[in-house]
Amino acid sequence: MGDRTMAETATTTSRVHAGTPARSVEPARAADAARAADAARAAGAAGAPLDPYRLRTDFPILNTVNRFGKPLIYLDSAATSLKPRAVIEAVDGYNREYSSNIHRGIYEIAERATGAYEAARASTARLLNAPEAAEIVFVRNATEAINLVAYSWGRRNIGRGDTIVLTEMEHHANLVPWQLLVQEKDGDLEFIPITDDGLLRLEVYEALLHLGPKLVAFTHVSNMLGTLNPVRRLTEMAHAAGALVLVDGAQAVPHMPVDVQAIGADFYVFSGHKMLGPTGSGALWARRELLEAMPPFLAGGDMIREVHLRRSDWNEIPYKFEAGTPDIAAAIGMGAAAEYLMDLGLDAVQAHERELTRYAMETLRREIPSIELYGPEAGARGGLVAFNLPGIHPHDVAQILDRSGICVRAGHHCTMPLHERFDLAATARASFDVYTIPEEIDALAAGLREVVRIFDR
Ligand code: PMP
């Protein structure tokens, strides 16, 4: 907002920027919101700071209103993000102009489709700073990427009595595939516990590494606590103990710079639909030598080099892991999302969301003193805040907020063991993205005050 006054901000916001809930901004809070937005921009000073008000015009859905005529206040980006025009048009362009299969046709539109699909792979590699595009395997989502590793690498490398170390904060996607694997192979799972502040207990991790695990798998950013884990340190410790490392980057890749070479992990997975890309897109990155040594996950067309009636041999990586016709449009859309994020600058994205999170935690605590927030303080977390209002079920909270156009998630967020750890049945969660603005957090606070008022009556 630079030097603009609060009033200017409110009018510009309502006049120019799609879906901005300026009507709910009270003056005192608007001043706070303005300061928070200024700080976010200052924090992104290394590159161009992010201007969420400007980029909101890239998201057509922010022009929509709900059945009560309220503009969309989307605070559920950790579940799936909104999609910018660049992504929508990339998907649409494929379907309208060059819809054809890849890696087989010799005609013009087929070559164009193959080119766009492989360009998306190159963009994805650049987003992760992967050494080569061939190390990017396209999948439908993070869940499929983890299952690919569990089935292909896991079934060949995990045997009786082998240990896999996970953490207590894993999403079910990074838990259940390992449960199935160790049940089948008679192996063991061990878990790094967490502190009441939602941090991993590294001294226990150190002790677990003495068991000589074959694999350590952990989330980069927790989708419930928001905890930003020290992935590089965790990886170094695992490698020193002879274990391979899988990082679940579903909540990291959309929101911060991720450099798989700097982290040093062996497998890194994420979903495209949480990073402004289409549903049905996601990727596994793994080191070339691992992918080359792993057997195929799914078998059929495209993943083979030669097929005979009784045996086949496999295509080179990454095609060995991409059996059948993939979701070509989704992969192309994910490539467009990667380019969009890289144009914004991931440092600026992280600075923006960090400031919003600090602002959200401060505002919610001030406006609703009874609120319970979970996880570490802002700075040590990603852009999401899980909370409870004592005595009020999160489903009721979400339903009442919905009337005001505010979308939050309520439930266990696919982290039932983590909720159990904190003795919780469920939480509500607000999560932020590049298009989130402080005024939306003010609207959330106002909505939650209304929820408390309704239940106090
Ligand atoms: N891991 C984490 C940390 C997540 O937040 C999610 C999605 N909520 C997943 C994995 C699974 O993602 P998907 O459903 O796209 O496979």
Side-chain angles (χ1 to χ4, degrees), residues 1 9-26 29-30 33 36-37 40 50-89 91-92 223 254-255 272-279 333 337 340-341 344 349 352-353 356-357 359-360 363-364 383-387 394-411 413 428-451:
M1 258 168 273
T9 302
T11 37
T12 320
T13 300
S14 56
R15 196 176 55 238
V16 176
H17 301 292
T20 301
R23 63 184 164 74
S24 64
V25 180
E26 293 167 24
R29 277 192 223 100
L50 192 131
D51 183 349
Y53 298 95
R54 188 197 55 73
L55 66 79
R56 285 171 72 84
T57 57
D58 293 341
F59 291 80
I61 198 171
L62 289 172
N63 284 321
T64 59
V65 294
N66 76 358
R67 62 193 185 285
F68 304 111
K70 308 283 189 189
L72 179 67
I73 299 178
Y74 189 71
L75 298 176
D76 197 18
S77 295
T80 197
S81 65
L82 305 181
K83 322 301 178 201
R85 201 170 281 110
V87 169
I88 297 166
E89 285 171 2
V91 172
D92 195 48
N223 67 312
H255 307 293
H273 69 92
K274 293 182 199 283
M275 57 157 259
L276 315 179
T279 51
Y340 183 89
L341 278 172
L344 292 180
V349 168
H352 166 68
E353 293 176 20
L356 276 175
T357 307
Y359 180 71
T363 305
L364 294 178
L384 60 93
V385 181
F387 60 90
H395 283 160
D396 292 329
V397 172
Q399 211 161 17
I400 296 171
L401 290 175
D402 177 48
R403 291 186 210 156
S404 308
I406 302 171
C407 309
V408 298
R409 174 90 180 262
H413 321 303
R429 181 187 70 189
S431 52
F432 317 127
D433 215 308
V434 294
Y435 38 74
T436 311
I437 50 176
E439 288 86 342
E440 293 179 306
I441 290 165
D442 294 333
L444 172 66
L448 291 176
R449 281 203 312 274
E450 172 69 3
V451 174

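Nearest heavy-atom pair, G333 versus V91, reported as atom, atom and distance to 0.1 Å: CA-CG2, 3.9 Å. Residues V385 and A360 share a closest heavy-atom pair of CG2-CB, 4.4 Å. Closest of all the heavy-atom pairs between G383 and T357 is CA-OG1, 3.2 Å. Among all heavy-atom pairs drawn from N66 and S404, the shortest one is ND2-C, 4.4 Å. Closest non-hydrogen pair, S431 versus A78, comes out as OG-N, 2.9 Å. In terms of heavy-atom proximity, P84 sits nearest to F59 at N-CE2, 3.4 Å.
L75 is not listed as a side-chain neighbour of L401, based on a closest heavy-atom distance of 4.5 Å or more. Under the 4.5 Å side-chain criterion, counting only non-hydrogen atoms from C-beta, I437 is in contact with E440. Side-chain contact between E353 and L384 is absent, with no heavy-atom pair separated by less than 4.5 Å. Using a 4.5 Å cut-off on side-chain heavy atoms (C-beta onward), P71 and L62 make no contact. V87 is listed as a side-chain neighbour of P278, based on a closest heavy-atom distance under 4.5 Å. I73 is not listed as a side-chain neighbour of L444, based on a closest heavy-atom distance of 4.5 Å or more. Looking at H255 and D433, their side chains come closer than 4.5 Å, going by heavy atoms from C-beta outward.
No donor-acceptor pair under 3.5 Å is formed between the side chain of K83 and the backbone N or O of P60. In this structure, the side chain of K274 engages the main chain of A79 through a donor-acceptor pair within 3.5 Å. The backbone N or O of A386 lies less than 3.5 Å from no partner atom in the side chain of R409, so there is not a single donor-acceptor pair.
Remark: D402 pairs with R67 by the salt bridge (Lys or Arg N to Asp or Glu O under 4.0 Å) rule, at least two apart or across chains. For H413, the ring-ring contact (aromatic ring centres under 6.0 Å, His included) test picks out H419, with sequence neighbours left out. Listed by chain and residue number, nothing satisfies the side chain to side chain donor-acceptor pair (under 3.5 Å) test with Q399 (two or more places apart in sequence, or in another chain). For I400, the side chain to side chain contact (heavy atoms under 4.5 Å, CB included) test picks out R403, V451, I454, F455, with sequence neighbours left out. Judged as a side chain to side chain donor-acceptor pair (under 3.5 Å), and not counting sequence neighbours, T436 has no contacts. Under the rule for a ring-ring contact (aromatic ring centres under 6.0 Å, His included), F387 has no partner lying at least two apart in sequence or in another chain.
Interatomic distance, CG of L55 versus OG1 of T57, reported as 7.5 Å (0.5 Å rounding). One finds the CD1 atom of I61 at 5.5 Å from the CG atom of L72 (value rounded to the nearest 0.5 Å). Taking NE2 from H352 and CG from D51, the interatomic distance works out to 9.5 Å, rounded to the nearest 0.5 Å. For the atom pair Y340 OH and R85 CZ, the distance stands at 9.5 Å (nearest 0.5 Å). Rounding to the nearest 0.5 angstrom, the gap separating the OG1 atom in T64 from the NZ atom in K70 is 14.5 Å.
Donor-acceptor pairing under 3.5 Å is lacking for the side chains of Y435 and S81. Side-chain contact check for E439 and Y53: at least one donor-acceptor pair (N or O, by modelled atom type) lies under 3.5 Å.
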